[in-house]
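Scroll down for the structure; my scribbles are underneath it.
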Amino acid sequence: MKHSTTNQRPRRGRGPARQIGRTLALVLPVVLVLSGTLAVTQVNWSGNPSSSVLTASSEEVSTRAVSRAPQDVLRDKLLLELQEKNPGVALTHLQQAVNGRPSLAKHCASIARSLGRAAVRAYGPTRAQSFARPVCDTAFASGVAAGHL
């Protein structure tokens, strides 16, 4: 008796391992995308520690976020202090801010010049110059001089 080998096909792996592999190939990318999306929505992007979950229906979403550089915030705060108190207080707080946050040192001279110009407008050149201190070298004094011109 002869066995016919022409009609026999090699057996392909159609077992449970192949089915599991196919299922994982289809399901795994979906799971990864969904978990990544959920992870991104759980991150507190607002910088507000009281709200740890971002929601699409938040009232703050419709308002445009305006980011301000720390030196601009400091300049505005010190200019307000200059008007409410005096330039001496503002210069003292400028020095304290630069000492406490060295990254502001590169902006110290421009902030002091702004304070000098504002002091001239508020107090006049002679009185403004009397508040001069060695904060940021002579930037306040140069601001007073520029404000006087």
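Everything numeric here is computed off the predicted structure, so don't read it as measured data.
- A search for side-chain contact (heavy atoms from CB on, under 4.5 Å) contacts involving Pro134 returns nothing, not counting sequence neighbours.
- Screening residues 106-133 for salt bridge (Lys or Arg N to Asp or Glu O under 4.0 Å) gives no qualifying pairs among residues at least two apart or on separate chains.
- Closest approach of Tyr123 to Pro87, counting heavy atoms only: CE1-CD, 3.3 Å.
- The CD1 atom of Ile111 lies 5.0 Å from the CZ atom of Arg75; values are rounded to the nearest 0.5 Å.
- Taking His93 as the reference, Leu78, Glu81, Val89, Gln96 meet the side-chain contact (heavy atoms from CB on, under 4.5 Å) condition, with sequence neighbours excluded.
- Looking at heavy atoms from C-beta onward, Val144 lies out of side-chain contact with Phe131 at the 4.5 angstrom threshold.
- Every side-chain contact (heavy atoms from CB on, under 4.5 Å) that Asp76 has, sequence neighbours left out, goes to Arg68.
- A distance of 6.5 Å separates CG in Leu115 from CG in Leu94, rounded to the nearest 0.5 Å.
- With sequence neighbours excluded, no residue forms a side-chain contact (heavy atoms from CB on, under 4.5 Å) with Ala145.
- Cys108 and Val135 make their closest contact through SG-CG1, 4.3 Å (heavy atoms, listed as atom of the first residue, atom of the second, distance).
- Every pair tested for side chain to side chain donor-acceptor pair (under 3.5 Å) that includes a residue from residues 19-28 fails, sequence neighbours excluded, so the list is empty.
- Remark: Asp72 CG to Lys77 NZ distance equals 14.5 Å, nearest 0.5 Å.
- Residues His107 and Pro70 fail the side-chain proximity criterion, which asks for heavy atoms closer than 4.5 Å.
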